[in-house]
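Below you'll find the structure, written out as structure tokens, and then a few comments.
Values below: all heavy atoms of this structure, side chains included; hydrogens, waters and symmetry mates excluded.
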Amino acid sequence: MKKLIIIPAYNESANIEKTVRRIKERAPEFDYVIINDCSTDRTLQICRENGFHVINLPQNLGIGGAVQTGYLYGYRNGYDMAVQVDGDGQHDPAFLDEMAKYMIKEDLDMVIGSRFIEKKGFQSSGIRRIGIRYFTFLIKILTGKTITDPTSGLRLVDRKVMELFSEQYPKDYPEPESVVAVIRRKMKVGEIPVIMHEREGGVSSISAKKSVYYMIKVSLAILIERIRR
């Protein structure tokens, strides 16, 4: 099976080389593509100097647009499954083979790597954990499905979901909303425990000031997605 790692990258010059090196060491059966989201630092230069596989976006599309570009690339190039691995070093590619095997064994359309099943590794900040529990509750109420880590970006999807995401994908803070979109279409979602790491460099896109906007925007988006025909 053809398996693709999508690496969205915006100003990840401190992390991108280590991220790709770990992928080659720990997930050699996966291809990868870096989506450089119009970085203003040396991210693109580092990719080109090292001969990394990179798509350079001519303007900044945000996390949603960058990841959607990766899904479109994967779908058009005949990949059977694709997984998002963030360029900041938080996601460990050592878990990707296990996620792929679990997807096939359980006949799933999406597998989420959850840091909250076994509660090992970096568990995010206290404030963010409150937000994550809130989205778990909201998704449970609206869909009947318990997702322990709805904001996890470490998500493996099959070709059907790749096609869906290549056509429509949330612009920003996409994880909870896109999970609801998959569940709403009667596709099967599962989770396995993973260990995540604290960001190794750079700055998170979700600042303290954006947290309130994040909660309101994503809540409304989930509600709209759930009732959409």
Side-chain angles (χ1 to χ4, degrees), residues 1-8 23 27 29-33 35 63-86 91-118 132 135-194 196 218 221-229:
M1 299 184 74
K2 292 182 66 177
K3 295 176 281 191
L4 177 68
I5 295 171
I6 299 165
I7 310 171
I23 286 171
E29 69 278 10
F30 282 77
D31 295 336
Y32 74 89
V33 62
I35 311 298
I63 183 64
V67 173
Q68 185 177 30
T69 300
Y71 285 125
L72 182 61
Y73 172 87
Y75 185 73
R76 286 183 174 178
N77 286 277
Y79 283 91
D80 300 293
M81 57 180 67
V83 61
Q84 177 183 335
V85 171
D86 289 345
H91 297 159
D92 191 337
F95 291 96
L96 299 185
D97 184 57
E98 183 181 353
M99 292 174 70
K101 289 177 179 176
Y102 186 72
M103 172 180 280
I104 295 169
K105 178 184 176 183
E106 301 297 328
D107 191 27
L108 300 172
D109 299 295
M110 172 184 282
V111 176
I112 299 171
S114 171
R115 74 203 102 170
F116 301 121
I117 295 176
E118 294 184 348
I132 291 167
F135 286 124
T136 294
F137 172 76
L138 183 61
I139 292 172
K140 174 69 173 180
I141 291 295
L142 294 177
T143 70
K145 177 74 174 177
T146 298
I147 304 295
T148 67
D149 201 349
T151 66
S152 172
L154 185 61
R155 306 181 302 165
L156 179 75
V157 304
D158 67 5
R159 190 162 174 79
K160 288 187 295 183
V161 179
M162 251 192 289
E163 181 180 18
L164 170 66
F165 286 170
S166 69
E167 294 173 352
Q168 54 185 51
Y169 197 71
K171 180 181 178 182
D172 52 5
Y173 318 126
E175 289 84 8
E177 182 182 348
S178 56
V179 169
V180 172
V182 171
I183 296 172
R184 187 176 70 83
R185 288 166 174 80
K186 309 299 182 184
M187 298 182 190
K188 292 181 286 185
V189 179
E191 294 182 285
I192 68 167
V194 300
M196 293 190 186
V218 176
I222 289 174
L223 290 168
I224 293 169
E225 177 59 46
R226 181 62 185 86
I227 64 176
R228 182 184 298 169
R229 293 186 178 272

Any [X] side-chain heavy atom under 4.5 Å of [Y] side chain:
X    : Y    : result
L154 : V83  : yes
I63  : P174 : yes
D31  : V33  : no
V179 : P150 : no
L138 : I222 : yes
V218 : T151 : no
F165 : V182 : yes
I7   : D86  : no

So, taking the atom named [atom1] in [X] and the one named [atom2] in [Y], what distance separates them when rounded to the nearest 0.5 Å?
X    : Y    : atom1 : atom2 : result
F137 : L142 : CZ    : CG    : 9.0 Å
L4   : Y73  : CG    : OH    : 6.5 Å
D158 : E163 : CG    : CD    : 10.5 Å
R76  : M162 : CZ    : CE    : 13.5 Å
Y71  : S178 : OH    : OG    : 7.0 Å
R115 : M196 : CZ    : CE    : 4.5 Å

Taking the side chain from [X] and the backbone from [Y], do they hold a donor-acceptor pair closer than 3.5 Å?
X    : Y    : result
E191 : T148 : yes
K2   : N77  : yes
Q68  : S166 : yes
T136 : I147 : yes
D149 : F116 : no
H91  : V85  : no

Partners meeting salt bridge (charged side-chain N to carboxylate O under 4.0 Å, His left out) with D92 (sequence neighbours left out):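 Result, salt bridge (charged side-chain N to carboxylate O under 4.0 Å, His left out) vs D92: R26.
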K171: partners by side-chain contact (heavy atoms from CB on, under 4.5 Å), with sequence neighbours left out: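 Per chain and number, K171 pairs via side-chain contact (heavy atoms from CB on, under 4.5 Å) with no residue.
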Worked check of side chain to side chain contact (heavy atoms under 4.5 Å, CB included) between R184 and E225: CA-CA 8 Å; R184 187 176 70 83; E225 177 59 46; 2.7 Å; yes
What closest approach, in Å, do [X] and [Y] show between heavy atoms, and which atom pair accounts for it?
X    : Y    : answer
I117 : P193 : CD1-N, 3.7 Å
A27  : I5   : CB-CD1, 4.4 Å
G65  : T69  : O-OG1, 2.8 Å
V194 : G113 : CG2-C, 3.5 Å
P8   : A66  : CB-CB, 4.1 Å

Sole candidate of R159, R185, K160, R155 that passes salt bridge (charged side-chain N to carboxylate O under 4.0 Å, His left out) when paired with D109: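 Among R159, R185, K160, R155, the one meeting salt bridge (charged side-chain N to carboxylate O under 4.0 Å, His left out) with D109 is K160.
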Distance-only donor-acceptor check, side chains E175 and S152, under 3.5 Å: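 The answer is no; no qualifying pair exists.
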Side-chain donor/acceptor pairs under 3.5 Å, residues 96-107, sequence neighbours excluded:
| residue | atom | partner | partner atom | Å |
| --- | --- | --- | --- | --- |
| D97 | OD2 | K101 | NZ | 3.1 |
| D107 | OD2 | K188 | NZ | 3.0 |

